[in-house]
2 protein chains.
Amino acid sequence: MNTKQSFGEYLRKLREDQNLPIRKVASKLDIDPSTLGKIERGERSANKEMLPVLAELFGIEEKTLGLILFSDKVAYQIIEEENTNEILKVAEEKIKYLKNKNLKQGSLDLK
Amino acid sequence: MNTKQSFGEYLRKLREDQNLPIRKVASKLDIDPSTLGKIERGERSANKEMLPVLAELFGIEEKTLGLILFSDKVAYQIIEEENTNEILKVAEEKIKYLKNKNLKQGSLDLK
DNA sequence: TATATTCAGGACAATAATTGTCCAAATGTA
DNA sequence: TACATTTGGACAATTATTGTCCTGAATATA
């Protein structure tokens, strides 16, 4: 996993390695080519529904794509803060706590 | 740091420990009391501008408040995923890379 | 050179999400 | 009871995101 690449850069590389034009991938995703171009350049965000389509198209685990996409989103959300590592650590603990709580009880609801 | 508490719960505890009504804290924050109530219950999100006000009011480091707030946001963003730990780890690496890159170059721009 | 294809990036309306504000009902308290 | 506090719904205003189209530049192709 190359963490020096954003989701968009990763996607572009996949696409170019296969010599596919934006147009074709966009059509598979059922979005405007211009939108896909923006996603590749990081000017718009991809969404979860695109992942299974891309996974199949490029023969990559959907989970891997999700990992790249969500880590991007998390990074973007906190990169302006100073104590990013601490934030991530506390977030990890909160998630652990909440998931566990959730196993034992009903559904959750955070904001 | 108690990671079993959301920002709202933490805030409510601070407020109740001082026997302050929502009304008063809301007025310091210059927001509607109903909105503050919702923040405490996690139905709305707090924002960064509120942190210095709360920090001074309760005598707590702004950074600590920010830590609780942002870790909440990160947790909320990914809690529905399976591989949350991996996501956080990759996010950490990305941030590290981007911050370093940023030190050496100009300003950054992700999405 | 002319023509076609691809891509970047702007514009802008449609849609969705968030926020501010007010109010009425419920709850707590003197 | 009377008063203060809190909850939670409603809804408009604001802001953010998305879908769509268009133009021009760059590149490839006939």
Side-chain angles (χ1 to χ4, degrees), chain A residues 5-54 57-58 65-66 69-70 72-80 107-111, chain B residues 5-54 57-58 65-66 69-70 72-80 107-111:
Chain A
Q5 250 178 343
S6 67
F7 183 82
E9 288 165 346
Y10 181 74
L11 191 53
R12 172 152 294 187
K13 177 147 195 334
L14 284 176
R15 181 178 62 79
E16 290 182 339
D17 284 354
Q18 310 247 33
N19 269 94
L20 289 169
I22 284 183
R23 177 176 52 79
K24 288 214 171 177
V25 177
S27 131
K28 291 267 186 189
L29 290 170
D30 197 29
I31 61 174
D32 194 275
S34 155
T35 300
L36 179 55
K38 281 164 192 158
I39 290 171
E40 288 187 349
R41 281 174 274 127
E43 290 167 22
R44 291 216 181 169
S45 173
N47 65 50
K48 275 190 87 164
E49 294 76 60
M50 298 173 182
L51 301 184
V53 181
L54 296 170
L57 181 56
F58 294 113
L65 290 174
L69 176 58
F70 282 103
D72 255 33
K73 295 197 182 205
V74 168
Y76 174 64
Q77 191 174 43
I78 64 172
I79 194 156
E80 300 297 340
S107 88
L108 86 164
D109 174 40
L110 265 236
K111 191 134 224 166
Chain B
Q5 251 179 344
S6 68
F7 182 81
E9 288 165 345
Y10 181 72
L11 190 54
R12 170 152 295 185
K13 178 147 191 336
L14 284 176
R15 182 178 61 79
E16 289 182 338
D17 284 354
Q18 308 247 33
N19 270 96
L20 289 168
I22 283 182
R23 177 177 52 81
K24 288 213 170 174
V25 177
S27 133
K28 291 269 186 188
L29 290 170
D30 198 28
I31 62 175
D32 194 277
S34 153
T35 300
L36 179 55
K38 280 164 192 154
I39 290 171
E40 289 187 349
R41 278 173 276 128
E43 291 167 19
R44 290 219 181 166
S45 172
N47 65 51
K48 274 190 89 164
E49 294 76 62
M50 297 174 183
L51 299 185
V53 181
L54 295 171
L57 182 56
F58 295 113
L65 289 173
L69 177 60
F70 283 103
D72 255 33
K73 294 197 182 205
V74 168
Y76 174 64
Q77 191 175 40
I78 64 173
I79 195 155
E80 301 296 341
S107 85
L108 84 165
D109 175 38
L110 293 213
K111 193 133 221 169

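Computation of the quantities below employed the complete heavy-atom set of this structure, encompassing side-chain atoms and omitting hydrogens, waters and symmetry-equivalent molecules. As the structure is a prediction and not an experimental result, all values here were calculated from the model. We name chains A, B, ... by the order of the sequence lines, and we start the count at 1 in each one.
- Under the 4.5 Å side-chain criterion, counting only non-hydrogen atoms from C-beta, B:K73 is in contact with B:L69.
- Taking 4.0 angstrom as the limit, B:R44 places none of its side-chain polar atoms (N or O) nearer than this to OP1 or OP2 of C:dT19.
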- Sugar-phosphate or base contact per nucleotide [nucleotides 23-30 of chain D; S, B, -; heavy atom under 4.0 Å]: --------
Polar atom pairs between nucleotides 22-30 of chain C and protein, under 3.5 Å, N or O only, would you list them?
residue	atom	partner	partner atom	Å
C:dC22	N4	B:S34	OG	3.2

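- For B:K48, the side-chain hydrogen bond (donor to acceptor under 3.5 Å, both in side chains) criterion is met by A:E81, not counting sequence neighbours.
- Residues A:Y10 and A:L65 come closest through the heavy atom pair CE2-CD2, 3.6 Å.
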- Steps toward side chain to side chain contact (heavy atoms under 4.5 Å, CB included) verdict (B:L11, B:L36): CA-CA 10 Å; B:L11 190 54; B:L36 179 55; 4.0 Å; yes
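- The side-chain hydrogen bond (donor to acceptor under 3.5 Å, both in side chains) search around B:D17 returns B:K13, not counting sequence neighbours.
- Across all their heavy atoms, A:P52 and A:E49 have their closest contact at CD-O, 3.4 Å.
- Under the side-chain contact (heavy atoms from CB on, under 4.5 Å) criterion, A:R41 pairs with A:R12, A:K38, A:E43, not counting sequence neighbours.
- Remark: B:Q77 CD to A:I78 CD1 distance equals 9.5 Å, nearest 0.5 Å.
- Per the geometry, CD belonging to A:E43 stands 12 Å off C1' belonging to C:dC7, to the nearest Å.
- Summarising the geometry of A:L51 relative to A:G66, their closest heavy-atom pair is CD1-CA, 3.6 Å, with the distance given to 0.1 Å.
- As a whole-Å value, the separation of A:N47 CG from D:dT17 C1' is 11 Å.
- Across the protein-nucleic acid pair, A:E49 atom CD and C:dA16 atom C1' stand 14 Å apart, rounded to whole Å.
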Only pairs under 3.5 Å count here: list side-chain donor-acceptor contacts from residues 19-31 of chain B, not counting sequence neighbours, and write none if there are none.
none

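- When each of B:P33 and A:D30 is assigned the nucleotide of DNA chain D with its nearest heavy atom, B:P33 is the one assigned upstream, toward the 5' end.
- If you take CD1 of A:I39 and P of D:dT17, they are 14 Å apart, rounded to a whole angstrom.
- In this structure, the CG atom of B:L36 is 9 Å from the P atom of D:dT6, given to the nearest Å.
- Rounded to whole Å, the distance from CD1 on A:I31 to P on C:dC7 is 13 Å.
- Here the closest non-hydrogen pair linking B:L54 and B:F7 is CD1-CZ, 4.1 Å.
- Annotation: the terminal axes of the helix from C:dT1-D:dA30 to C:dA30-D:dT1 meet at 20°, where each axis is the rotation carrying the C1' atoms of four end pairs onto the next four (5 pairs per end, rounded to 10°).
- Of the residues in residues 11-27 of chain B, not one places a heavy atom less than 4.0 Å from an atom of DNA chain C.
- The shortest side-chain heavy-atom distance between A:I39 and A:M50 falls under the 4.5 Å cut-off.
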